[in-house]
There are 2 protein chains.
Amino acid sequence: MEPNTEEKIKAAAARLFTTRGFAATRTRDIAAEAGINLALLNYYFRSKENLYRIIMAENFQVFFRGALQIFQNQETGVQEKISLLVDYYIGRLLENPDIPSFVINELRTNPNALIQQAGMHEALKDTNIFSQISQYLEDRGSDMEPVHFILNLLGMTIFPFLAAPAFQSALGLEKEQFSQLLAQRKKLIPVWIDAIINANSLKASTHTS
Amino acid sequence: MEPNTEEKIKAAAARLFTTRGFAATRTRDIAAEAGINLALLNYYFRSKENLYRIIMAENFQVFFRGALQIFQNQETGVQEKISLLVDYYIGRLLENPDIPSFVINELRTNPNALIQQAGMHEALKDTNIFSQISQYLEDRGSDMEPVHFILNLLGMTIFPFLAAPAFQSALGLEKEQFSQLLAQRKKLIPVWIDAIINANSLKASTHTS
DNA sequence: GTCTATAGGATGATAGAC
DNA sequence: GTCTATCATCCTATAGAC
């Protein structure tokens, strides 16, 4: 059905804010994109900044909530969680490829606000992602720091979306071709992550033998 | 010695543009940061946009020129080049941690302009990075796509700088502590990259045996 | 709820004195 | 080359009619 005015504004604002950022987005553009009168934006959301906060929080949720839920599940092992995580992220980001650079940009200008708004600190403590991973690496005889592990995992998963414009332009690829490439990585990244852990555990085993 | 007015403006503009982006940076802020009169900005650079283009091009050069030079050297093998590249990037980015998110952001809003401005297309053809890597992977019996290889290498190297604000905030780390963590990666990433290639070559060898 | 009209303020750029 | 003063424009937000 035809979405109501409030939803039309939110959808238009999400598109523009995520692609252009806060300062470069005009309320007039949002109104035009939504096909509504400029005054209605303030009627429904009181101010540009308030509307922005709402969009921002939702984008941020998409980016982190899913990951937390995967790690909250106590039925699955870490190895399985990694596959689920990569699959989830790549799937989500193929639908909304602009979210990573938007989130990265906001984190740079206002890191604490976002982390707090999403309730990250408590969530991180609850799920205990760090000790899950720490334990997993230990069990596999690897001496890798959990931080490096997470940076590698997220780097391999998320970075391609950030670099997509450069790669498409430099390689002369169509958006669709690059998307297929990224979809392949759903299955490849878990294998690569595994190889990295083995590299560290092999080194450790020769030391202890 | 005391830098002259033109240099003061450029330095201030570089700081503000790279941290806030084009739209969020006011010419008045640049003037204040540089400690000069607002009118001088237009006297030396004619317009905000022109000043921005200059800063942007220089940032972009830092980001890509060094990498190209490493791959242009015909005396070194690919494996050595990877170590040099990782070392170069992490070293440079520890000095200017804001460059990646700035470049990423500009690439999103205007991909072709940047690539062209830096003369990337010709440079990429000249150095032939792709076929160097392609050949290297083949020699090592890996069936990995060169694109994936490059995405992994850059993802592991650059992504941590993009995620730094989030990680520092989420983990409660000081900037200095996180920098040390990133410096460690200079030596670690080449090892991990090697492990990933081995993972692919092992799979290939069991297929052909 | 939706529109028009406009207030109120900030911004990029320049004219003109020194 | 550097300053002050100011213009023209654009932007967010709101008042008030319907």
Side-chain angles (χ1 to χ4, degrees), chain A residues 1-60 98 102 105-106 108-110 113-114 117, chain B residues 1-60 98 102 105-106 108-110 113-114 117:
Chain A
M1 290 296 130
E2 178 82 348
N4 63 27
T5 302
E6 190 171 347
E7 281 163 357
K8 275 193 276 189
I9 296 174
K10 268 179 66 174
R15 274 193 296 276
L16 295 182
F17 280 143
T18 41
T19 50
R20 302 182 190 175
F22 177 78
T25 301
R26 315 285 149 215
T27 51
R28 282 168 168 76
D29 298 339
I30 298 174
E33 173 96 1
I36 54 102
N37 186 282
L38 172 59
L40 290 176
L41 193 150
N42 290 79
Y43 174 76
Y44 281 101
F45 295 96
R46 247 193 36 248
S47 76
K48 177 190 176 184
E49 209 177 324
N50 191 45
L51 173 57
Y52 181 70
R53 266 196 289 268
I54 293 169
I55 304 297
M56 193 182 67
E58 287 183 3
N59 270 343
F60 203 72
D98 284 321
F102 172 79
N105 216 40
E106 291 318 303
R108 183 181 50 168
T109 54
N110 200 355
L114 269 172
Q117 186 155 30
Chain B
M1 289 298 130
E2 178 81 348
N4 63 27
T5 303
E6 190 171 347
E7 282 162 358
K8 274 193 275 188
I9 296 174
K10 268 179 65 173
R15 275 193 295 278
L16 294 183
F17 279 144
T18 41
T19 50
R20 303 182 190 176
F22 177 77
T25 301
R26 316 284 150 217
T27 52
R28 281 168 171 76
D29 298 340
I30 297 174
E33 173 96 0
I36 55 101
N37 187 283
L38 172 60
L40 291 176
L41 192 151
N42 291 80
Y43 174 77
Y44 281 102
F45 295 96
R46 247 192 35 248
S47 75
K48 177 189 177 186
E49 208 177 326
N50 191 45
L51 174 56
Y52 182 70
R53 266 196 290 267
I54 293 169
I55 305 296
M56 194 183 66
E58 288 183 3
N59 270 341
F60 203 73
D98 284 321
F102 173 77
N105 216 40
E106 291 318 304
R108 184 181 50 168
T109 53
N110 201 354
L114 270 173
Q117 186 154 30

Novice: How many Å lie between CG on A:L51 and C1' on D:dA13, as a whole number?
Specialist: 14 Å

Novice: Can you tell me how far the CG atom of A:L38 sits from the CG atom of A:L40, to the nearest 0.5 Å?
Specialist: 8.5 Å

Novice: List for me each residue that meets side chain to side chain donor-acceptor pair (under 3.5 Å) alongside B:E7, sequence neighbours excluded, and say none if there are none.
Specialist: none

Novice: Whole angstroms only, please: what is the NZ-P distance between A:K48 and D:dA13?
Specialist: 8 Å

Novice: Relative to each other, are the rings of A:F17 and A:Y52 parallel, tilted or perpendicular (30° and 60° limits)?
Specialist: perpendicular

Novice: With a sphere of 6.0 Å drawn around NZ of B:K10, does it hold more than 12 non-hydrogen atoms of other residues, nucleotides or ligands?
Specialist: no

Novice: Can you measure B:E49 atom CD to D:dC10 atom P for me and round it to whole angstrom units?
Specialist: 14 Å

Novice: Scan B:Y43 against the nucleic acid and name what it touches under 4.0 Å (heavy atoms): base, sugar-phosphate only, or nothing.
Specialist: base

Novice: Need one value for B:L38: base, sugar-phosphate or nothing, where a base atom within 4.0 Å counts as base even if backbone is also close, heavy atoms only.
Specialist: base

Novice: Round to a whole Å and report the spacing from CG of A:L40 to C1' of D:dT14.
Specialist: 13 Å

Novice: Between A:R46 and A:D29, which residue's closest nucleotide on DNA chain D lies nearer the 5′ terminus?
Specialist: A:D29

Novice: First contact, last contact: which nucleotides of DNA chain C are these for chain A, 5' to 3', heavy-atom distance under 4.0 Å?
Specialist: C:dG1 to C:dT4

Novice: For B:L51, run the side-chain contact (heavy atoms from CB on, under 4.5 Å) check against B:T27, B:L41, B:T25 and tell me which one passes.
Specialist: B:L41

Novice: Provide, to the nearest angstrom, the distance between the OH atom belonging to A:Y52 and the C1' atom belonging to D:dA13.
Specialist: 20 Å

Novice: Using a cut-off of 4.0 Å on non-hydrogen atoms, how would the nucleic acid contact of B:R28 be classed: base, sugar-phosphate, or nothing?
Specialist: base

Novice: Report the residues that fulfil side chain to side chain donor-acceptor pair (under 3.5 Å) with B:E6, sequence neighbours left out, ordered by chain and then residue number.
Specialist: none

